[in-house]
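Structure, as structure tokens:
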Amino acid sequence: MLDPKVLRADPRAVADNLARRGFTFDAAMYAELEAERKAAQSEAESLQAQRNTLSKRIGEARQQGEDATEMMAEVTGLGEQLEHRQAALASIRQRLDAWLIGMPNLLDPEVPDGKDPQDNLELRRWGEPVEFDFEPLDHVQLSEHWGLLDMRQAAAMSGARFSVLQGELALLHRALTQFMLDLHTRQHGYEECYVPYLVNAASLEGTGQLPKFRADLFALDGEQHFLIPTAEVPLTNLLRDTILEASELPWKKIAHTPCFRAEAGSYGMDTRGLIRQHQFEKVELVLAVHPEESESALEELTIHAEAVLQALELPYRVVSLCGGDIGFAAARTYDLEVWLPSQKAYREISSCSNFRDFQARRIKARFRPDQEKSPQPVHTLNGSGLAVGRTLVAVLENHQSEDGSVQIPDCLAPWMNGVTRLGVAE
RNA sequence: GGAGAGGUGGCUGAGUGGCUGAAAGCGCUCCCCUGCUAAGGGAGUAUGGGCUGAUACCCCAUCGAGGGUUCGAAUCCCUCCCUCUCCGCCA
């Protein structure tokens, strides 16, 4: 949620900023509604003040055995006026709130201009895409050949965009997860959390998935609960209605969870293999930091995610998302894109964002700058560290050999139970 | 799922219609006293909003959430949520 004070102070600037996203904000209309709210609120509050004073005097008069009939008549009249004013105020408030909750975050000035992924700005590359002296297979060909991936049974029991991993492929999938968790907890200072996979609507509103992106979510029991689309939701909501001491910042959490996405609107997109599934695993990093620290925290967070790709020896690039491609709640986002030989393209494997105070305002996550000062919103950030399914795909495709086997990166050894190559005939 | 008990400030906990945004204690901050330590004395200590140059004053709201009764609700009534105890079921 945007800071209402910023909106009131300079609605024009807000409109200009949001236009870079392709979002239209009617500043004049907003200013008008805001003026109405102000008037209605002042009137309602002064009526309440009068009522409170009179009621108090009635009490005092009664206690001294005096007659209070006249004052009571007066206050009854006040009550009716008050009711009208309050009803008016409530309806204006409701309209303003609905408006505010549907507005995306302001873009950081550094965000490149543009309308789609074509316009994203490449910041750097790491590693060289492998030049195979044979035609590389894609991850489906590799793993189905070994009998370790069963898309057919997954489709039979659940439908499209589900998968069944077996044997050493499932082991590799688990090893990747463990590796990521240990790397980030031991070397990057994140605290591991186990969190609910079902959350309520308020939590999703807090992080920005609702109300606008309902179609991307799976709902249960009449929308009492939703399956989480990312661990960002439960992790960030740990800070709801919380005031942290300055000494508790930076606040760094990590969780490994399944993620569920309806993938509405992506029909025909990435239909093959494990790239785009309704259910996938992800290791998610979430931070809450001092507002002055959030820019540097985004750089650091991105480096933490990159560390996973580097350890796995996977070539990738970092792109800064343009105004038209960046998410609703983010002020700035870096995507990590891993090289996929089968597609001869870089594909998203992690997304690291600075939300500044946008989510913090929605969930009332604050910190106390120092004793005496009143609390103010923290800045939140999150990033995938990484999407496990896509990492599995990248490992298979980048580390394959001509015989269809795959070399397992050394860093996974502690979890691979002695397996160093996949797809080797026993 | 059934029965019962509860949800009050950073914490414990009083408070059954007005003088309670809230006693008392603990914690915390500042000051005084004190060779050190310990003990003692005093003051302060919620959040959001409005107003404002102001994180000063003043005003409004908030005692789980929402609604109702009343001139007036932490206190009475209704609905919902959550916690605890016992029973049932269960990994």
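No hydrogens, no waters, no symmetry mates; every other heavy atom, side chains included, goes into these values. Each chain gets a letter, A, B and so on, in the order the sequences are listed, and its residues count up from 1.
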Handout entry: Interatomic distance at C1', B/C90 relative to B/G1, whole Å
Key = 12 Å

Problem - Donor on one side chain, acceptor on other, A/Q209 and A/T207, under 3.5 Å - result: yes

Practice task
Starting at atom CZ of A/R37, determine the distance to atom P of B/G48, rounded to an integer number of angstrom.
Solution key: 16 Å

Problem - Residue met sooner reading RNA chain B from 5', once A/R366 and A/E34 are mapped to nucleotides - result: A/R366

Fill in the blank from the handout: By nearest-heavy-atom nucleotide on RNA chain B, the more 5' of A/R8 and A/V75 is A/R8

Problem - Watson-Crick or G-U wobble partner of B/A74, both distances under 3.5 Å - result: none

Problem - Value in whole Å for how far the P atom of B/G18 lies from CE of A/M72 - result: 15 Å

Practice task
Take atom C1' in B/A61 and the same atom in B/A73, then report the distance between them in whole Å.
Solution key: 14 Å

Practice task
Using the C1' atoms only, state how far B/G72 lies from B/C60, rounded to an integer number of Å.
Solution key: 16 Å

Handout entry: Residue A/I58, side-chain heavy atoms: nucleotide from B/G48, B/G18, B/G49 that is nearest
Key = B/G18

Completion exercise
Mate of B/U79 across any strand shown (Watson-Crick or G-U wobble, both atom pairs under 3.5 Å) is B/A65

Exercise for the section: Could you give the distance separating B/C32 and B/U37 at their P atoms, to the nearest angstrom? Expected result: 15 Å

Handout entry: Base paired to B/G4 (Watson-Crick or G-U; both N/O distances under 3.5 angstrom)
Key = B/C84

Handout entry: Pairwise C1' distance, B/U75 and B/G7 [rounded to whole Å]
Key = 15 Å

Exercise for the section: Whole angstrom is fine here: how far is it from NZ in A/K364 over to C1' in B/G48? Expected result: 8 Å

Exercise for the section: Tell me the partner of B/G40, counting only Watson-Crick (N1-N3 plus N6-O4 or O6-N4) or G-U wobble (N1-O2 and O6-N3) with both under 3.5 Å; none if nothing fits. Expected result: B/C32

Exercise for the section: Would you check if there is a donor-acceptor pair between the side chains of A/S55 and A/N52 at a distance under 3.5 Å? Expected result: no

Handout entry: Rounded distance (Å) that lies between atom P of B/G50 and atom CD of A/Q86
Key = 17 Å

Handout entry: Pairwise C1' distance for B/A46 and B/G27, with rounding to whole Å
Key = 15 Å

Exercise for the section: Give a yes or no on whether a salt bridge exists between A/E263 and A/R161, defined as a side-chain N under 4.0 angstrom from a carboxylate O. Expected result: no

Exercise for the section: Could you tell me whether the side chains of A/Q359 and A/T380 share a donor-acceptor contact shorter than 3.5 Å? Expected result: yes

Practice task
Can you figure out which of B/U47, B/C51, B/G49 approaches the side chain of A/I243 most closely?
Solution key: B/U47

Problem - Any A/K56 side-chain nitrogen or oxygen under 4.0 Å from OP1 or OP2 of B/C71 - result: no

Problem - Salt-bridge contact A/D357-A/R361 (side-chain N to carboxylate O under 4.0 Å) - result: yes

Handout entry: Inter-nucleotide C1' distance (B/U29, B/C82), Å rounded
Key = 34 Å

Exercise for the section: Write down the distance between CZ (A/R85) and P (B/G50), rounded to a whole number of angstrom. Expected result: 18 Å

Practice task
Provide, to the nearest angstrom, the distance between the CZ atom belonging to A/R368 and the P atom belonging to B/C28.
Solution key: 16 Å

Handout entry: Assigned partner base of B/A14, Watson-Crick or wobble definition, under 3.5 Å
Key = none

For nucleotides 57-60 of chain B, print each protein N/O atom paired with a nucleotide N/O atom at under 3.5 Å, atom names and distance only.
residue : atom : partner : partner atom : Å
B/C60   : OP1  : A/N52   : ND2          : 3.1
B/C60   : O2'  : A/Q48   : OE1          : 3.1

Exercise for the section: Taking atom types as modelled, find out whether A/H256 and A/E281 have a side-chain donor-acceptor pair closer than 3.5 angstrom. Expected result: yes

Practice task
Searching all strands shown, indicate the nucleotide that pairs with B/G27 (Watson-Crick or G-U wobble; both distances under 3.5 Å).
Solution key: B/U45

Completion exercise
CD (A/Q407) and CG (A/D410) are apart, to the nearest 0.5 Å, by 7.0 Å

Exercise for the section: Fit a plane to each ring of A/H184 and A/H188, take the angle between them on a 0 to 90° scale, and name the class: parallel (under 30°), tilted (30 to 60°) or perpendicular (over 60°). Expected result: tilted

Handout entry: Between B/C84 and B/G64 - C1' atom distance, rounded Å
Key = 15 Å

Completion exercise
note: A/E245, atom CD; B/A46, atom C1'; distance rounded to Å ~ 13 Å

Exercise for the section: Calculate the interatomic distance between A/R93 atom CZ and B/G48 atom P; express it in whole Å. Expected result: 15 Å

Practice task
Classify the nucleic acid contact of A/L54 as base, sugar-phosphate or nothing, counting any heavy atom under 4.0 Å across all strands shown.
Solution key: nothing

Practice task
State which residue, out of A/Q81, A/K38, A/R85, fulfils the side-chain hydrogen bond (donor to acceptor under 3.5 Å, both in side chains) condition with A/E43.
Solution key: A/R85

Problem - Pairing nucleotide - B/C58, Watson-Crick or G-U, each distance under 3.5 Å - result: B/G50

